[in-house]
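The next block holds one structure in the form of structure tokens; read it before the comments.
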Amino acid sequence: MKNVALFGAGRIGQIHAHNLAALPGVKLVAVCDPVADNAAKLAQALGAAVSTPDVVFANRDIDVVAIASPTDTHSDLITRAAAAGKHIFCEKPVDLSVPRAEACARAVAEANIACMIGFQRRFDPTFSEAQQRLARGEIGHPEMLVVTSRDPGAPPAQYLKGSGGIFRDMLIHDFDVFRWILCADGDEPVWLSATGSCQVDPAIAEIGDIDCAAVTLRTRKGRLCQINTSRRAAYGYDQRFEVLGSTGLLACGNHKPTEVQQWDANGVKADKPEHFFLQRYREAYRLELAHFFDCLQSGAAFRTTIADGVAAQKLADAATASWQSGQAVTL
């Protein structure tokens, strides 16, 4: 039995808490959140105790910490957990600062504990199936990846003010998908160009951020990736990618609540894509935690490591620099 403490009882923390509670051989024993009501409600619902970081890290009976707290707490919690000898599952990103993220990676390595970063898109059944077909050579050698990633609406500007910007907050997932799909054989990005604008909410421009962006990457082997993203898609959460290979194409479409189509004299009607990431990736969140504990048990390698977190953060920083300077970046 693995005893787990959860940091963060907000939206994503609640998703992870219920998935933890449903896993065999796993017991959620503690919930930590500075918002006392949130911690108490979640802990009571799942039979856990409300706790504090100091108590958790001093408790030798707690084997694992799951970090789903705000981004600016991640690096401190990772380093404290590593020092306490506890295995770590942490939501992306490791930190908004690459040097701090790299320091976390060193702390994890020196403590010889396991650490997995929550890039849940690698566990989405649709995306995962495409990656496996690509790995089996079913479309030959990969040559180009096109990623569409659009939110149904922008979060409040106050949230975005502390998010690190669109490339670190939103596109970091897409940078990880790029590395997962095009760089799995050791190929690496060597060139990046990013541009963006503010078309959704003027308040986002006022805090120095953008809400629409386009990024192009080129790898050492000449493979190309284009990522287009927006904070607004009136029709729902738009999550698609296609990878072009030397002998074919793999296309991953949106998920919809149902696949029913209505055909009549007025046209053809179908459901819009699922509304947001909590719906679109509900299964991916479950599968990534199951994978984490399976690997702890078996000793197998995690699908997403803290090194992946650092690498995606570096691409996010490069994209930010490219957008701000108006110049492409050599990586």
Side-chain angles (χ1 to χ4, degrees), residues 1-97 99-118 120 155 158-159 161-164 169 278 285-286 288-290 292-293 296 302 304 306 309 313:
M1 179 69 69
K2 295 291 185 184
N3 292 324
V4 183
L6 172 70
F7 293 98
R11 185 168 59 181
I12 193 63
Q14 292 176 39
I15 295 289
H16 289 317
H18 284 88
N19 285 332
L20 285 166
L23 283 172
V26 174
K27 184 177 181 181
L28 179 63
V29 297
V31 176
C32 304
D33 195 295
V35 181
D37 286 348
N38 287 353
K41 288 177 183 177
L42 188 58
Q44 183 176 17
L46 298 176
V50 175
S51 192
T52 66
D54 288 345
V55 171
V56 166
F57 293 129
N59 187 341
R60 295 186 178 182
D61 291 331
I62 293 177
D63 309 291
V64 173
V65 297
I67 301 171
S69 49
T71 295
D72 61 4
T73 67
H74 289 186
S75 59
D76 179 62
L77 291 172
I78 288 172
T79 53
R80 291 186 67 184
K86 302 186 188 304
H87 300 303
I88 304 163
F89 172 87
C90 182
E91 266 298 316
K92 68 82 190 171
V94 178
D95 192 271
L96 293 179
S97 158
R100 283 198 298 269
E102 291 175 327
C104 285
R106 290 193 295 270
V108 165
E110 290 167 4
N112 195 30
I113 51 91
C115 181
M116 177 174 150
I117 302 301
Q120 87 283 356
Q158 188 60 36
Y159 163 81
K161 191 174 183 179
S163 70
D169 177 59
L278 297 175
Y285 285 123
R286 185 188 70 81
E288 70 175 353
L289 279 178
F292 174 79
F293 286 100
L296 282 186
F302 292 135
T304 59
I306 195 165
Q313 188 67 46

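Excluded from the calculations below are hydrogen atoms, water molecules and symmetry mates; all remaining heavy atoms, backbone and side chain alike, are included.
No side-chain donor-acceptor contact under 3.5 Å links D33 to the backbone of N38. Checked by atom type and distance alone, the side chain of K86 pairs as donor or acceptor with a backbone atom of I62 at under 3.5 Å. No donor-acceptor pair under 3.5 Å is formed between the side chain of N3 and the backbone N or O of D63. Not a single donor-acceptor pair under 3.5 Å links the side chain of N59 to the backbone N or O of V55.
Scanning both residues, A68 and G13, for their nearest heavy atoms gives CB-CA, 3.7 Å. Nearest heavy-atom pair across V56 and S51 is CG2-OG, 3.7 Å. Scanning both residues, A107 and T79, for their nearest heavy atoms gives CB-CG2, 4.2 Å. Nearest approach of I113 to A82, heavy atoms of both residues: CG1-CA, 4.1 Å. Contact record, A48 with A30: CB-N, 4.0 Å, taken as the closest heavy-atom pair. Here the closest heavy-atom approach between residue G162 and residue L96 is recorded as O-CD1, 3.8 Å.
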_With side-chain contact (heavy atoms from CB on, under 4.5 Å) as the criterion, how do E102 and Q313 come out once you've worked through the C-alpha distance, each side chain's angles and the decisive distance to 0.1 Å?_
CA-CA 10 Å; E102 291 175 327; Q313 188 67 46; over 6 Å; no
*Please report the C-alpha distance between F7 and T73 in whole Å, then the side-chain angles of each, then the deciding distance to 0.1 Å, and finally whether the side-chain contact (heavy atoms from CB on, under 4.5 Å) criterion is met.*
CA-CA 10 Å; F7 293 98; T73 67; over 6 Å; no
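Going from atom CD of E288 over to atom OG1 of T304 covers 7.0 Å, rounded to the nearest 0.5 Å. Atom NE2 of H18 and atom CG of L289 lie 13.5 Å apart (nearest 0.5 Å). Taken from CD in Q158 to OG in S163, the straight-line distance is 11.0 Å, to the nearest 0.5 Å. Separating the CG atom in L42 from the NE2 atom in H16 is a distance of 12.0 Å, to the nearest 0.5 Å. The distance from atom CG of D95 to atom NE2 of H74, rounded to the nearest 0.5 Å, is 9.0 Å. We find the CG-CZ distance between N19 and F292 to be 13.5 Å, quoted to the nearest 0.5 Å.
Of the candidates L77, V94, I88, C104 forms a side-chain contact (heavy atoms from CB on, under 4.5 Å) with just one, namely V94.
In this view, H87 satisfies the ring-ring contact (aromatic ring centres under 6.0 Å, His included) rule with no residue, not counting sequence neighbours.
Counting heavy atoms from C-beta on, the side chains of L296 and F302 come closer than 4.5 Å. V4 has its side chain within reach of F293: a pair of non-hydrogen atoms, C-beta onward, lies under 4.5 Å apart. Within the 4.5 Å cutoff, side-chain heavy atoms of Y159 are placed close to those of D169.
A salt bridge between R80 and D54 is present, with a side-chain N of the basic residue lying under 4.0 Å from a carboxylate O of the acidic one.
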